[in-house]
There are 2 protein chains.
Amino acid sequence: MRTTEDIMQRMSRNGLRITEQRKTLVKLFDGASGYLTPKEVYEHMQRVYPGLSFDTVYRNLRVLLDMGVVEQIVFEDGVKFKLSCEEQHHHHHMICLQCEKTLPIRFCPMSETDVPGDFEVVKHKFEVFGYCGECKEAAAAAASREVQ
Amino acid sequence: MRTTEDIMQRMSRNGLRITEQRKTLVKLFDGASGYLTPKEVYEHMQRVYPGLSFDTVYRNLRVLLDMGVVEQIVFEDGVKFKLSCEEQHHHHHMICLQCEKTLPIRFCPMSETDVPGDFEVVKHKFEVFGYCGECKEAAAAAASREVQ
DNA sequence: CTCACTGCAAACCTTTTGCAAACCA
DNA sequence: TGGTTTGCAAAAGGTTTGCAGTGAG
C-alpha cells in the first residue's frame with residue numbers, strides 16, 4: 001500500500017520508531033473511508049494486539065496528529081480522526097451522517113460573506129451533513145425489504 | 001429584565017418550579033454576551049450560592065437546553081452554552097475568539113453550494129472565527145502600553 | 001401535602017501522566 | 001547499547017446517576 005509506506009518513511013525520518021502496532025494503525029486509517037473514534041481505533045487494534053492498552057492508542061493518535069498524518073475533528077458526539085486530505089488547496093466537506101465518508105466542496109463561502117470592517121477573520125468552518133448516495137440506497141433497500 | 005421574566009414564566013407553564021437559583025442562572029445568561037462553559041456558570045453561581053453543587057448546574061443547563069432557552073455548541077476546547085438567538089430566520093455566526101461574542105451572518109452558503117444529486121443534505125454549519133472590533137482595540141491598546 | 005429540585009456521594013467515560021519493562025535502530 | 005515505545009496503574013477532567021432531604025406551589 002503506497003500511502004502507508006510513505007507515512008512510515010516520514011515517521012522514520014522524523015526520528016520516530018516503526019513498530020508493528022503503528023504500521024497497523026496507519027493501515028487502519030489508510031483503509032477507512034470515514035472518521036474513527038479513539039474507541040473504534042482501540043477496538044480494531046485490539047483484535048490484532050490483544051494486550052493493547054488505551055493510552056497507547058491515544059499516544060499514537062497524537063503522534064499521527066502532530067505529524068499531520070491524520071486530522072482531528074470535534075463532533076457533537078465526540079472527537080474523531082481521519083487521514084488528512086491529500087487535496088492541497090483550501091476546501092470544505094460534505095459528511096455522511098451514516099458512514100461518515102467525506103466529499104470535498106470546492107466552493108468557499110468566505111468570498112461571498114460580508115464581514116464588518118472591524119472584525120478580523122482568523123478561520124472559518126463550513127460543513128454540510130447528510131446522507132451519501134450509497135447509504136441512501138442501502139436505507140431504501142432495507143426499508144423495502146421490511147415492507148415485503 | 002424582560003427576557004428573564006418571560007423565560008421564568010415559560011418554565012412555570014412547563015410545570016417546572018421557579019427557584020432562586022434558576023432565576024439567577026437565567027439572568028446570568030441574559031446578561032452574558034458570549035458563550036459560557038459549565039465551569040464558568042458554576043463559578044458565577046457559586047458566588048451567590050456557596051453550597052452549590054456542580055451536578056445541579058448540569059441539570060439546570062439541561063433543563064434550559066431542552067426548553068430551547070439556551071443552545072449548546074461543541075467547541076474544540078469543550079462544550080459551551082449561550083442564550084438562544086432571538087433572530088428567527090436562518091442565519092450563521094461570526095464568533096470572537098477573545099470574548100466569544102457572536103455576530104449574525106445573514107448570508108447562507110448552501111444556495112451557492114453544488115451538491116451531488118445523490119447526496120441528501122440534512123444540515124450544515126458555517127462559522128467564522130476571529131476578533132471583534134472591541135477586542136482588537138483592547139489588544140492594540142495593551143500592545144502599545146507594553147512598548148512604552 | 002405532593003412532587004420537583006437540590007446537595008452529596010459515587011459512578012462513568014474519556015484522556016493524560018509516571019514508571020518500569022520491552023523493543024527498535 | 002541507548003533512547004523510544006509500550007503496558008500497567010493511577011490520576012485527572014467532565015458529566016451523569018441514585019438517593020435522601022429540602023423547598024415550591
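The analysis underlying the following values was restricted to heavy atoms, covering all of them including side chains, and did not include hydrogens, waters or symmetry mates.
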Practice task
For the residue pair B:His92 and B:His124, confirm or rule out a side-chain donor-acceptor distance under 3.5 Å.
Solution key: yes
Problem - Atom pair distance, as rounded to whole Å: CD in B:Gln9 and P in D:dA24 - result: 18 Å
Exercise for the section: Could you list by number each residue of residues 54-61 of chain B showing a heavy-atom separation from DNA chain D of less than 4.0 Å, or answer none if no residue does? Expected result: B:Asp55, B:Tyr58, B:Arg59
Problem - Rounded distance in Å - CD (B:Gln72) to P (D:dG14) - result: 15 Å
Practice task
Dump the intermediate steps for side-chain hydrogen bond (donor to acceptor under 3.5 Å, both in side chains) on A:Thr24 and A:Tyr49, then the final yes or no.
Solution key: CA-CA 10 Å; A:Thr24 307; A:Tyr49 308 95; 2.7 Å; yes
Problem - Polar side-chain atom of B:Arg22 near backbone of B:Asn60 as donor-acceptor pair, under 3.5 Å - result: no
Handout entry: Ring centroid separation B:Tyr58 to B:Tyr42 under 6.0 Å
Key = no
Handout entry: d(CD, A:Glu20; C1', C:dC24) in whole Å
Key = 11 Å
Handout entry: Exceeds 12 heavy-atom contacts within 6.0 angstrom, atom CD of A:Gln46
Key = yes
Problem - Whole-Å distance separating the NZ atom of B:Lys23 from the P atom of D:dG23 - result: 16 Å
Problem - Closest to side chain of A:Thr19, choosing from D:dT15, D:dT16, D:dT6 - result: D:dT6
Exercise for the section: Nearest whole angstrom, please: distance from the C1' of C:dT14 to the CG of B:Asp77. Expected result: 16 Å
Practice task
Measure from NZ on B:Lys80 to C1' on D:dT15 and round the result to the nearest Å.
Solution key: 17 Å
Problem - Spacing of A:Tyr42 atom OH relative to D:dG7 atom C1', expressed in whole Å - result: 11 Å
Where do N or O atoms of nucleotides 1-4 of chain D meet protein N or O atoms at under 3.5 Å, pair by pair?
residue	atom	partner	partner atom	Å
D:dG3	N2	A:Arg17	NH1	2.8
D:dG3	N3	A:Arg17	NH1	3.4
D:dT4	O4'	A:Arg17	NH1	3.1

Practice task
Establish, with yes or no, whether the OP1 or OP2 oxygen of C:dC23 is under 4.0 angstrom from a side-chain nitrogen or oxygen of A:Gln21.
Solution key: no
Problem - Distance in angstrom units between A:Leu64 CG and D:dT5 P, rounded - result: 11 Å
Problem - Rounded distance [0.5 Å steps], CZ in A:Phe29 versus CG in A:Leu64 - result: 7.0 Å
Exercise for the section: Take atom NZ of B:Lys39 as the centre, draw a 6.0 Å sphere, and report whether it contains more than 12 heavy atoms from other residues, nucleotides or ligands. Expected result: no
Problem - Which residue lies more 5' along DNA chain C, comparing B:Met11 with A:Ile18 via nearest heavy atoms - result: B:Met11
Practice task
Give a yes or no on whether a salt bridge exists between B:Lys101 and B:Glu134, defined as a side-chain N under 4.0 angstrom from a carboxylate O.
Solution key: yes
Practice task
Return the set of residues passing ring pair (Phe, Tyr, Trp, His ring centres under 6.0 Å) with B:His89 (not counting sequence neighbours), or none when no residue passes.
Solution key: none
